[in-house]
Number of protein chains: 2
Amino acid sequence: MSDQPTVERNADTAPGSAAFSPLYQQIKALLLQGLDRGEWKPGEAIPSELELAARFQVSQGTVRKAIDELAAENLLLRRQGKGTFVATHHEAKVRFRFLRLTPDDAHSAVTGSRILDCRRMRAPADIAALLELRTGDTVVNVRRLLSFDESPTILDDIWLPGASFKGLTVELLAGNRSPLYALFESEFGVSMVRADEKIRAVAASETQAELLEIPVGHPLLHVERVSFTYGDRPMEVRRGTYLTERFHYRNSLN
Amino acid sequence: MSDQPTVERNADTAPGSAAFSPLYQQIKALLLQGLDRGEWKPGEAIPSELELAARFQVSQGTVRKAIDELAAENLLLRRQGKGTFVATHHEAKVRFRFLRLTPDDAHSAVTGSRILDCRRMRAPADIAALLELRTGDTVVNVRRLLSFDESPTILDDIWLPGASFKGLTVELLAGNRSPLYALFESEFGVSMVRADEKIRAVAASETQAELLEIPVGHPLLHVERVSFTYGDRPMEVRRGTYLTERFHYRNSLN
DNA sequence: CAGTGGTCTAGACCACGTG
DNA sequence: ACGTGGTCTAGACCACTGC
C-alpha cells in the first residue's frame, strides 16, 4: 500500500476554468487503472469501500460514487454483505450482454462450436484500422461455426491483435468449453468490457451457404462488432453471420 | 400541494421480512405517478429537489437518489443551474435513442415520409397479445414509407391501441414534420419511454419489393418493436423493414 | 445575486452474508 | 458478532444559469 496517488482537490481552480475533475471521477480513474493493470482479477473482490477511502484519503461516500459508476457500466458488481467484485465473462449474466441471438421459443438450445480455422497473418487495411493497428501488423484470424440443436446457425469471422494473443491455437480453441470472452480473460488477460455493432441484412455467399446449409442468396443477419477493453482500446473485430429463421437478435432501447 | 403521500419508513419491518422498499424507491414511484398523470409535461421542469424534499418530508439526498435513477432511465433530464426536466421526443438526443438506422458514411440525409395507409380496425390476435388488448379491440394501423436522399429505405407497419389514439388520421400524419413519437406526445399525451426489439433478416415480399424498389427476395432487416409508456404499458407495435445497403442498424453492448 | 443541480463529508442505522 | 454494501440524514461548499 505504498501508493498515495495524487488527487487534486480543485481548491485553486479558477471559477470557470477549463479542466475541472470531481474527486470521485479521479477515484474512478484510479480504480480503472487498477483494473487495467490487473491489480484485481476478474471474479475477485476489490478492497472494501472503507479501505479504499483510507487509501485514497477521501470519504467513503466519494469512493461509493466512483464505484457506483463503474458498477453502472458493468465493470464492477456489487454484492451486499459480501463486497464489490470485478465483472467476469464466466457468468451467465455478463455472457448474455454480448450474446444477443435468442431462440424464438424459449427452449434451452444445445450448443456446439466447430473451429474452422485459426491462423496468424498480416492485418488487412480495414481490420487494422478498426483495431487501431498498422496495416501489416500481425493479427490472429479465427473462423468458427456455432450450432444450436445440431443445426448450424452462426458463422463467426474473428480478428484479434497478434501481440495480445500469442499462443492462441486451434487446439486451445477446440478444447475450450466456455464462451470465447471467458477464455480471452483467463488465458490472455484480456477483458472485453463494451462493444459497438453494425447490423445489416445480406445475401448468403457460396461459402456461407454451404456452411450454414442454406441456398445461396438466403437472407442472413450480418453483425460487425468491435469489442473494447478497459480504456476503450479495441481488442477484437468480429463479423458474425446469423441464420434468423428460428432465432432473433434481441435489443432494448432505453 | 394538498398531497402528503404516505411514505413508509420501514421502521417496524421485521428483519428478513419479505416486502421492503427503500424510501427513495417510494419517492421514485411517486414521481413516476406524477409523470404518468401528466402533472409535469414533457419538456417542462419538475419542482426543485428542495421543494420535492419538503413535499415528501424526506431529505434532499433521498429525492436526489430517486431522480438519479429516473435520469439514468432517461425519463428525466438534469441540467445544472436550470432544473430537472421531463424528457421529450422533441429533442435530437432522445430521437436517436429510438432511430437506430444510420448512414454508412456520416452524411446528412434528406428525409421524406409518405403515409401509405391509416385505418382503424379490429386487432389481429398477435397484435392484441403484444399490446395487451383483447382480440377484436380497436387498433389503428399505419403504414408509411421513409426515404433518405430520395431513395425509399424504411417501410413501417405500425399498430396502436385505438382507445388512446382517437383522432389519428392520414391528414394529421401527412401534415406532421416531427418524429412520430413527438406527435404522439403532443397530440395524444402518450410518451414512449422504452422499447424491445426483435431483429431478423428476411427476403423481400412482392409488396415490399415494389415499394422499396428492389427485386423480390432481396435481403431486408426486419425489426419488430414493442414500445412502452410509463409503467411498462405497451402502446405501440412497429414492424419495420429496412434496406441496409447504404445504412446500418447501430447498437452498443455495455 | 439568488436559485438550481453537483460535490464532498461525517455519522447513524439497516440489510445481508458468513462465521 | 462482525464486516460488507445500502439507506438516510444534515450541512457546507462549488459550478452553472439567468435575472
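All values derive from a computational prediction rather than experimental measurement.
- When each of B/Asp68 and A/Gly61 is assigned the nucleotide of DNA chain C with its nearest heavy atom, B/Asp68 is the one assigned upstream, toward the 5' end.
- Put simply, CG on B/Leu77 is 15 Å from C1' on D/dT17, counting in whole angstrom units.
- Contact annotation: B/Arg79 does not reach the phosphate of C/dG5 (side-chain N/O to OP1 or OP2, under 4.0 Å).
- Between D/dT9, C/dG6, D/dG5, one nucleotide has an atom nearer to the side chain of B/Val58 than all others, and that is D/dT9.
- Rounded to whole Å, the distance from CD on A/Gln80 to P on D/dG3 is 17 Å.
- Atoms CD1 (B/Ile67) and C1' (C/dT7) sit 16 Å apart, rounded to a whole Å.
- The side chain of B/Lys82 contributes an N or O atom lying less than 4.0 Å from OP1 or OP2 of D/dG18.
- Contact check, A/Thr62 against C/dT9: a side-chain N or O comes under 4.0 Å of OP1 or OP2.
- One finds a side-chain N or O of A/Ser48 lying less than 4.0 angstrom from the OP1 or OP2 phosphate oxygen of D/dT4.
- The side chain of A/Ser59 places no N or O atom within less than 4.0 Å of a non-bridging phosphate oxygen (OP1 or OP2) of C/dC8.
- The base of C/dG6 sits within donor-acceptor range of the side chain of B/Arg64, with an N or O pair under 3.5 Å.
- Whole-Å rounding puts the B/Gln60 CD to C/dG3 P distance at 14 Å.
- At a cut-off of 3.5 Å, with distance as the only test, no side-chain donor of A/Asn254 or B/Arg97 sits close to an acceptor on the other residue.
- To the nearest angstrom, C1' of D/dG3 lies 12 Å from CZ of A/Phe85.
- Ring-plane geometry between B/Phe184 and B/Phe165 is classed as perpendicular, the angle between the planes exceeding 60 degrees on a 0 to 90 degree scale with a lower cut at 30.
- At a cut-off of 3.5 Å, with distance as the only test, no side-chain donor of B/Tyr249 or B/Thr102 sits close to an acceptor on the other residue.
- Relative orientation of the B/His89 and B/Tyr181 rings is tilted, given thresholds of 30° and 60° on the angle between their planes.
- Atom P of nucleotide D/dC8 and atom CD of B/Gln57 are separated by 15 Å, given to the nearest angstrom.
- Atom CD in A/Gln26 sits about 13 Å away from atom C1' in C/dC8, given to the nearest Å.
- For A/Tyr24, counting side-chain heavy atoms from C-beta on, the closest listed nucleotide (D/dC8, C/dG17, C/dC8) is C/dC8.
- B/Arg239 has no carboxylate O lying under 4.0 Å from a charged side-chain N of B/Asp156, or vice versa, which leaves the two without a salt bridge.
- At least one side-chain nitrogen or oxygen of B/Lys65 sits closer than 4.0 Å to the OP1 or OP2 atom of D/dT7.
- Rounded to a whole Å, the CD1 atom of B/Ile46 is 12 Å from the C1' atom of C/dT4.
- Among the heavy atoms of the strands lying under 4.0 Å from B/Glu49 are primed sugar atoms or P, OP1, OP2 only; no base atom is included.
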